[in-house]
Protein chains: 2
Amino acid sequence: MANIYDVAQRADVSVATVSRYIRGQPVRPDNAEVIAQAIADLDYRPSIAARALVTKRTGVVGMVVPNIANAFYSEVFRGFHDCLLADNYQVILANSDGLPNQETQVIDSLVRLGVEGLALVPLASEAALGSEAQRSAIRRLQRIQTSGSTAVVVITECLPYQEAFDTVSVDGREAAYVATRHLLRTGREHVMPLGGHPEADAVRRRIDGYHQAMIEYGLSSYSLRHYPGGMDRESGYRLMEKVLREHPEVTAVLGVNDQVALGALMFLEDHAIQIPEQVAVMGIDDVAEARIVRPRLSTVAQPQYEIGYEAGRLLLARTGGEEEPDGPICRMLPTRLKVRESTWELPQSVPEPKPEPLSSPGRDG
Amino acid sequence: MANIYDVAQRADVSVATVSRYIRGQPVRPDNAEVIAQAIADLDYRPSIAARALVTKRTGVVGMVVPNIANAFYSEVFRGFHDCLLADNYQVILANSDGLPNQETQVIDSLVRLGVEGLALVPLASEAALGSEAQRSAIRRLQRIQTSGSTAVVVITECLPYQEAFDTVSVDGREAAYVATRHLLRTGREHVMPLGGHPEADAVRRRIDGYHQAMIEYGLSSYSLRHYPGGMDRESGYRLMEKVLREHPEVTAVLGVNDQVALGALMFLEDHAIQIPEQVAVMGIDDVAEARIVRPRLSTVAQPQYEIGYEAGRLLLARTGGEEEPDGPICRMLPTRLKVRESTWELPQSVPEPKPEPLSSPGRDG
DNA sequence: TTGAAAGCGTTACCAT
DNA sequence: ATGGTAACGCTTTCAA
C-alpha cells in the first residue's frame with residue numbers, strides 16, 4: 001500500500017502539499033495535476049486510521065441494532081443511513097444479536113474504531129431488563145458519551161435511557177390505545193393483548209394504553225388481562241393457540257408488536273379461523289410484512305424510516321461541534337393507525353382491496 | 001479519552017508493560033493488578049486506529065450488500081457475521097443501496113478504515129452490467145486484493161468476478177431447472193418466467209434452466225419466452241398483470257426470484273385469481289417472506305445463511321496468513337426445492353397444512 | 001520481566 | 001503556496 005510519502009516523492013512535492021491537495025486546500029494547479037496523477041498511478045488511499053490519530057475525526061458513525069434480519073430495524077437503519085450519507089458520513093452497522101454481551105462488545109469495538117457517533121437500539125430482552133445489567137450498560141454508554149468524542153443517541157422508549165441520552169421514540173401508550181379503540185369501535189369487545197414482558201418499559205406502556213381504552217369502554221373485566229411472552233412470530237403463534245383454548249370467546253387480539261400479531265394471524269390461517277370475522281388481529285409497528293400477508297395486517301404504524309433519520313439528525317447536531325444543546329433531548333414521533341383487512345368492520349362485505357403501494361425494493365443480484 | 005501513557009503513569013510502569021498486559025503477554029502479577037485497576041479507573045480503551053497503524057491488523061472485516069432491507073441479504077449477513085465472530089473478528093455492514101457509485105464509495109471507506117477482509121455482494125442492476133462500469137469495479141477490487149492487506153470474497157454468480165476472486169454461489173441454472181420441472185410435473189404446461197434482465201449472468205442462467213426444462217418436456221414453443229423486468233415485488237406485480245393480459249392461457253409463473261414471485265402472487269390475490277388452481281406461482285431463493293404469505297410460496301431455496309458463513313470461511317482462510325490457496329476458489333452451494341401451497345398438485349384437495357417452523361426472530365425493543 | 005526509543009501514516013504548525 | 005517537523009497512540013525492537 002502506497003502512503004503519502006510515496007505520492008509526494010513521485011509528484012516531487014512535499015507531503016504537506018499532498019496532504020493539502022487531498023483535503024481540498026488550495027494548491028498550485030500544476031502541482032495539483034502531478035499529485036492527482038501520482039495518486040492514480042499508485043492507487044493511493046489515505047489511511048483513515050492515521051488521519052484519525054491526529055484529527056480525531058474518522059467520518060464514520062455506527063449503529064447497533066438487536067437484529068438486522070428484523071424488518072423494523074432495517075427500515076430504521078435506512079433512514080439513519082440516508083441522513084448521515086447526506087452529510088458525507090459513512091455508516092457502519094453492527095448486530096447485537098439479542099445478546100447483552102455482544103451488545104457491549106460491538107459498542108466497544110465501534111468506539112475503539114473511532115466512530116464519531118453511535119446510534120443504539122438497546123436490547124429490551126428479558127436478560128437486559130431493569131436490573132443491574134442494564135444500569136451498567138447505561139453507565140458504560142454515558143462514559144463513552146462524556147469522556148470520548150463520540151456522540152450517542154438511543155432509539156428507545158425506555159426511561160433510564162431517555163434521562164441520560166438524546167433519544168428518539170414514539171408514544172407506545174398512545175399507539176396501543178388507538179389500536180384498542182379501533183378494535184372496540186369496530187364491534188369487538190373481547191380484545192386480548194398478546195406478547196411481550198411488562199418489565200420492559202415499551203411493553204408496559206403499550207399494555208397501559210390497551211387497559212386505558214378497555215376501561216374507557218367499560219370493559220374493565222378485560223382490562224387486566226395480558227398474555228405475556230416473547231416478541232417474535234413464534235411467540236405470537238403459540239399465544240394465539242393458548243388464548244383460543246382458554247378464552248374461546250375472544251373476538252380480537254392485539255399483538256404487542258407486528259411480529260406477534262403476524263404469528264397469531266398465521267395460527268388462525270393455519271386453523272381456518274376466519275379473519276376478521278371470527279377473530280380480528282391487530283399489530284403495532286407496521287413492518288413490511290404487515291402489507292404482504294393476506295389478510296393484510298391492521299396496525300399502528302411507527303415511522304421507522306423517520307425514526308432512523310431523526311436519530312441521524314440528533315447525532316449530527318452533537319457531532320457538528322458548535323452549539324450543542326445541553327440537556328438530553330427526547331424526540332417523540334407520531335404514530336398512525338393503519339386499518340387493513342385483518343380488522344375490517346364486521347357487517348360490511350369485503351370491498352375490492354385497493355392495494356397500497358408495495359414497498360421495500362427487491363433483491364437484484 | 002485516556003491513552004496508554006495515562007495508564008502507564010497511573011500504574012507506575014512503562015507503556016511497554018501496559019501494552020504487553022493488554023495483549024495478554026506475561027507481566028509480573030503485581031503489575032498486572034495495578035494496570036488492570038488503572039485501566040478500569042481511566043476507562044481506557046486501546047485505539048484500534050493507532051494499533052492498526054503499526055500492526056496492520058484491525059480485527060475488523062466488512063460486508064457490502066445492495067440492500068439491507070432485503071431479507072435475502074439479511075440472512076447472508078447473519079451467516080457471515082456468525083462465522084467471523086467465532087474467530088473474534090468484528091463485522092461491519094455497509095449498504096450500497098443499489099447505486100454503483102455508492103458501492104465503490106463504501107468499499108473505499110471500508111478499505112481505508114482498515115478492514116482485513118471484505119465480502120461483497122456486487123450490484124447486478126442494469127446500471128452495473130457487463131459494461132465498462134463493471135470492469136472498472138472489478139479492477140478496483142483486484143487492486144485492493146493485491147496491493148492492500150485486504151482479503152476479498154465475492155458472493156455472486158457473475159463470471160467475471162468468479163475468475164478474479166474467491167467466490168461463493170449457487171447453481172442458478174439448476175435451481176430454475178428444478179423449479180420449472182416441478183411445475184411441469186404437477187401438470188402445468190404454460191409456464192412463464194418473470195422478471196430480471198438477461199444481461200445479468202445470474203438471470204440468464206436461471207432463464208436457461210427454465211428453457212432447458214421446457215425443451216425437455218417438448219414445450220419449445222414456450223421455451224423462448226420471458227417477461228424481463230426488475231427484480232422486486234412491484235415488478236412482479238406489474239409483470240403478472242401483463243402476462244395475464246397477453247397470455248391468459250398461462251397456468252404457472254416462475255419468478256426469477258422470490259420477490260418477483262411474491263409480487264405476482266399479490267397481484268393474483270388482489271384479483272381473486274385462485275392460487276394454485278388457476279395460476280401456480282413459484283420463486284427462487286426462499287426468503288423469509290415466502291413462508292409468511294398465504295398461500296405459502298413454493299421456491300427453490302438458496303442456503304442463504306450458509307452462503308454467508310462460507311464467505312466468512314474463505315475470508316478467514318486468506319486472512320489467517322499462513323497457507324493461502326493460490327487460485328481463486330469458487331464454492332458452489334446446493335439448492336433445495338421447497339414445495340408449498342402456491343404450487344400444490346391440481347386434483348388434490350387442500351390438505352391440512354403442517355406449518356413449517358417460523359423463522360426470523362422478532363423485534364424485541 | 002522491564003523500559004527506552006524508533007517507527008506506523010497522517011495532519012498542523014511555523015517558517016519560508 | 002510550499003516544505004520541514006513535531007505530534008497523534010500504539011507496538012516492537014533492543015538492552016538492561
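Since this is a predicted model, take the numbers as computed values, not measurements. Lettering of chains follows the sequences in order, A, B, ..., and the numbering in each one begins at 1.
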Taking [atom1] from [X] and [atom2] from [N], how many angstroms apart are they, rounded to a whole number?
X	N	atom1	atom2	value
Ile35(B)	dT2(C)	CD1	C1'	11 Å
Gln9(B)	dG3(C)	CD	C1'	15 Å
Ile48(A)	dT11(C)	CD1	P	11 Å
Arg57(B)	dG9(D)	CZ	P	24 Å

Query raised in the report: Can you check whether Ile329(B) reaches Leu314(B) side chain to side chain, under 4.5 Å on heavy atoms?
Result: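 Yes, side chains in contact.
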
Check your understanding: Under 3.5 Å, is there a donor-acceptor pair between the side chain of Asn67(B) and the main chain of Ala69(B)?
Key ->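 Pair found, side chain donor or acceptor close to backbone of Ala69(B).
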
* Asked: Where the side chain of Glu103(B) meets the backbone of Leu123(B), is there a donor-acceptor pair that is under 3.5 Å apart?
  ->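 Side chain of Glu103(B) to backbone of Leu123(B), a donor-acceptor pair under 3.5 Å: yes, one is there.
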
We want to know whether Asp201(B) and Tyr161(B) form a side-chain donor-acceptor pair, criterion being a heavy-atom distance below 3.5 angstrom.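 Their side chains do not contain a donor-acceptor pair, so the 3.5 Å distance test is not met.
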
#### Entry: Polar contact flag, side-chain donor to acceptor under 3.5 angstrom, Ser19(A)-Arg23(A)
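Note: Ser19(A) and Arg23(A) side chains meet the donor-acceptor criterion.
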
query = Which of the following nucleotides, dC10(D), dG3(C), dT2(C), is nearest to the side chain of Val13(B)?
reply =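 Comparing dC10(D), dG3(C), dT2(C) against the side chain of Val13(B), the answer is dG3(C).
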
Checklist line | Proximal nucleotide (of dG3(C), dT11(D), dT2(C)) relative to the Ile4(B) side chain | finding: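 The answer is dT11(D).
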
Please tabulate, one pair per line, each protein N/O and nucleotide N/O from nucleotides 6-8 of chain D that are separated by under 3.5 Å, including the distance.
{"unit_1": "dC8(D)", "atom_1": "O3'", "unit_2": "Lys56(A)", "atom_2": "NZ", "d": "3.4"}

Among Val111(A), Leu118(A), Thr104(A), find the residue that satisfies the side-chain contact (heavy atoms from CB on, under 4.5 Å) test when tested with Leu141(A).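 Single side-chain contact (heavy atoms from CB on, under 4.5 Å) partner of Leu141(A) among Val111(A), Leu118(A), Thr104(A): Leu118(A).
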
Glu306(B)/Arg331(B) salt bridge by N-O under 4.0 Å criterion: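 No, no charged N to carboxylate O under 4.0 Å.
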
Original post:
If you measure from the Lys or Arg side-chain nitrogens to the Asp or Glu carboxylate oxygens, is any gap between Asp43(B) and Arg45(B) under 4.0 Å?
Top reply: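 Here Asp43(B) pairs with Arg45(B) in a salt bridge, since their nearest N and O are under 4.0 Å apart.
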
Nearest 0.5 Å please: distance from the CD atom of Gln102(B) over to the CG atom of Leu85(A).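 With rounding to 0.5 Å, CD (Gln102(B)) is 5.0 Å from CG (Leu85(A)).
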
Practice problem: Please check the phosphate of dT2(D) (OP1 and OP2 only) for any side-chain N or O of Ser14(A) closer than 4.0 Å. | Solution: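 The answer is no; no side-chain N or O of Ser14(A) sits under 4.0 Å from OP1 or OP2.
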
Exercise for the section: May I ask you to verify if any side-chain N or O of Thr55(B) is less than 4.0 angstrom from the OP1 or OP2 atom of dT11(D)? Expected result: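 The answer is no; no side-chain N or O of Thr55(B) sits under 4.0 Å from OP1 or OP2.
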
Heavy-atom nearest nucleotide on DNA chain C for Asp30(B) versus Met1(A): which residue maps closer to 5'?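 Taking each residue's closest nucleotide, the earlier one in sequence belongs to Asp30(B).
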
Practice item. Give, ordered by number, those residues of residues 20-28 of chain B having at least one heavy-atom distance below 4.0 Å to an atom of DNA chain D; if nothing qualifies, reply none. Key: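 Only Arg23(B) qualify.
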
If you look at every strand shown and take non-hydrogen atoms under 4.0 Å, does Ser19(B) touch a base, only sugar-phosphate, or nothing?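 Contact class for Ser19(B): base.
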
